[in-house]
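Notes follow once the structure below has been shown.
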Amino acid sequence: MSDKGRRDFISQKLTLAQATIHIPERAPCIAGRGIGLRARTCQQPGKKRGKQSDRLPAREPVAHFRANHAERGKSPFMIEISLADSITRVVPEEWDELATGHVTASHGWLRLMEETALEQQPCRLVLAREDSRLQAAIFFWEHRTTESRHAMDYMLFGSLARLAAILGLTIHPSFVAREVSGHRQAVLFRGGLSGEDRRRLMSRMLDVFEEYALLKDRTICFTGIPQDDAEMAAVFASRGYLRSPELPVCCLDIRWQSFAEYLRWLRKRHPRTEKNIRRELSRARRSGITIQRMDDPVSDSGRLHALADAHYRRLNGRPFPFQPLFFEKLKERMGNRAVVSTAVKDGHSIGVQVRISADGHATVPIIGIDTEHARKDALYFNLGYNSTIEAAIEEGLRQMRLGRLVYDTKIRRGCRLSLSNLYIRPGNAFRRALMRPLMMARTWRMHRMLRSIIEQASSGTECPDDDGSRRP
């Protein structure tokens with residue numbers, strides 16, 4: 001059946017715009033033998049069918065499905081797959097059980113993204129339950145505006161983005177499974193699941209969401225999938241997704257008892273970097289700069305937002321992606337998991353950093369530096385690295401994720417590289433055929449870049465002194 005024919009068939013059965021689904025009780029299999037989809041309110045054994053027996057009530061978030069599957073020699077099990085249009089549709093405690101150790105996928109952080117994003121992007125959640133217990137989930141952001149198109153296309157194709165757009169190969173409109181600032185995968189599983197269980201749940205979630213994306217004519221994109229995750233790679237390969245590597249994320253595994261011990265360790269590996277750090281700390285002291293924690297960011301939210309916005313515009317050519325409301329809602333949604341640090345000179349805030357942590361893991365999604373002090377006071381290095389690493393050691397954290405880019409600086413300060421892939425499934429077969437050679441060209445270019453970065457990380461060669469001239 002052609003893509004258009006499939007969309008026509010699905011549209012007769014799904015009316016997701018009205019938050020209603022209509023699927024025959026004996027639904028056709030869509031992904032393998034023994035797998036069917038059936039509406040949550042399908043006819044129960046021994047009950048007569050009524051007019052609304054196979055239709056979800058309009059108050060349901062989006063849609064609900066059940067997939068039956070019986071393995072040879074094993075008892076049948078029931079998987080319930082549901083789609084939701086907001087993180088508020090999920091109980092926070094239930095969601096956070098899946099997001100353990102994954103703070104930028106926590107319920108509070110995703111809700112903060114929904115509430116304060118400068119450019120509103122609808123959220124789409126795919127939830128998998130067995131015996132009414134949430135076992136797996138995927139969260140997508142729907143990209144459909146001009147600003148999003150530029151951001152995601154340039155992430156994929158770099159200098160080839162304009163050519164891709166001319167050829168109609170933009171990935172937008174699309175559903176993108178990605179973290180905002182965390183650089184990790186947006187696929188969550190309950191701890192303790194076997195590789196077979198993860199493959200099974202992922203396949204069932206994709207069975208449902210791919211049909212929904214086909215109906216909407218949307219590309220599906222996954223980012224941050226670890227390169228060593230064989231189960232996920234097998235699922236994507238079996239479904240025809242296009243794969244390409246991403247830039248690595250820098251992770252600092254914390255194994256020191258104090259900042260002094262960290263500097264002694266660094267002296268043996270990168271002695272020039274250790275000397276630079278001591279000079280950076282001295283420059284801050286001489287300039288009268290102190291780095292403080294702000295317990296109530298609401299009181300100075302305007303200044304904090306202005307610092308972040310100026311930083312983003314200067315380095316990225318785009319505004320800070322959150323409204324001023326972000327700093328007012330941050331503590332309300334994240335509580336003690338969010339730490340706001342400010343660099344203060346003569347009573348004025350000249351820098352801000354947001355760090356979020358949970359379960360021994362932390363990430364730094366936001367930093368903003370006053371242009372005047374960015375270089376001369378080594379402010380970026382003291383706020384972005386030195387004070388952050390010292391605080392992480394004192395708090396007993398196990399790992400800090402410091403994002404992408406500026407690899408020489410981060411590697412010399414002890415970071416290792418975390419490698420990941422992105423996977424894309426264009427909205428129709430024709431676009432998929434056209435995009436394949438473009439993705440091959442991107443993969444070739446990325447392998448060349450990765451080879452240089454990985455060689456630098458493995459060699460441990462000293463690089464020129466930090467001077468603050470390059471910042472993410």
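Computed from heavy atoms alone, side chains included, the values below leave out hydrogens, waters and symmetry copies. Index from 1, following the sequence.
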Student check: side-chain heavy atoms of [X] and [Y] closer than 4.5 Å:
X      : Y      : result
Met202 : Ile138 : yes
Arg200 : Arg204 : yes
Arg178 : His143 : yes
Met113 : Trp141 : yes
Tyr385 : Leu252 : no
Phe139 : Ile87  : no
Cys415 : Leu417 : no

Looking at Leu422, Ile225, Asn421, which one forms a side chain to side chain contact (heavy atoms under 4.5 Å, CB included) with Arg243? Asn421
Would one find more than 12 heavy atoms of other residues, nucleotides or ligands at under 6.0 Å from atom CZ of Arg436? no
CG (Asp253) with more than 12 external heavy atoms under 6.0 Å: yes
Enter the distance from His107:NE2 to Arg333:CZ here, rounded to the nearest 0.5 Å.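 Rounded to the nearest 0.5 Å, the NE2-CZ separation comes out at 9.0 Å.
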How long is the gap from CD1 on Ile369 to CG on Leu307, to the nearest 0.5 Å? 8.0 Å
Whether the [X] and [Y] side chains hold a donor-acceptor pair (N or O, under 3.5 Å, no angle test) is what I'd like checked.
X      : Y      : value
Thr116 : Gln323 : no
Gln353 : Thr388 : yes
Glu395 : Ser357 : no
Thr104 : Thr363 : no

I need the minimum non-hydrogen distance between [X] and [Y], along with the two atoms involved.
X      : Y      : answer
Gln135 : Leu98  : O-CD2, 3.7 Å
Gly108 : Arg337 : CA-NH2, 4.3 Å
Leu188 : Ala105 : CD2-CB, 4.1 Å
Arg89  : Ala84  : CB-CB, 3.9 Å
Gln227 : Ser420 : NE2-O, 3.4 Å

NZ/NE/NH1/NH2 to OD/OE distance under 4.0 Å, [X] and [Y]:
X      : Y      : answer
Arg111 : Glu115 : yes
Arg190 : Glu130 : no
Glu231 : Arg198 : yes
Arg318 : Asp309 : no

Please check if the distance between the ring centroids of Phe236 and Tyr241 is under 6.0 Å. yes
Centroid-to-centroid, Phe320 to His305, below 6.0 Å? yes
So, using side-chain hydrogen bond (donor to acceptor under 3.5 Å, both in side chains) as the criterion, who are the partners of Arg303 when residues are at least two apart? Asp370
Between Arg442 and Ser244, is the side-chain hydrogen bond (donor to acceptor under 3.5 Å, both in side chains) condition met? List the steps. CA-CA 7 Å; Arg442 180 191 187 274; Ser244 186; 2.6 Å; yes
Name all pairs fulfilling the salt bridge (Lys or Arg N to Asp or Glu O under 4.0 Å) condition that reach into residues 321-331, sequence neighbours left out, sorted by first residue then second. Lys329-Glu332
For Phe209, which residues count as a ring-ring contact (aromatic ring centres under 6.0 Å, His included) partner, sequence neighbours excluded? Phe140, Phe175, Tyr212
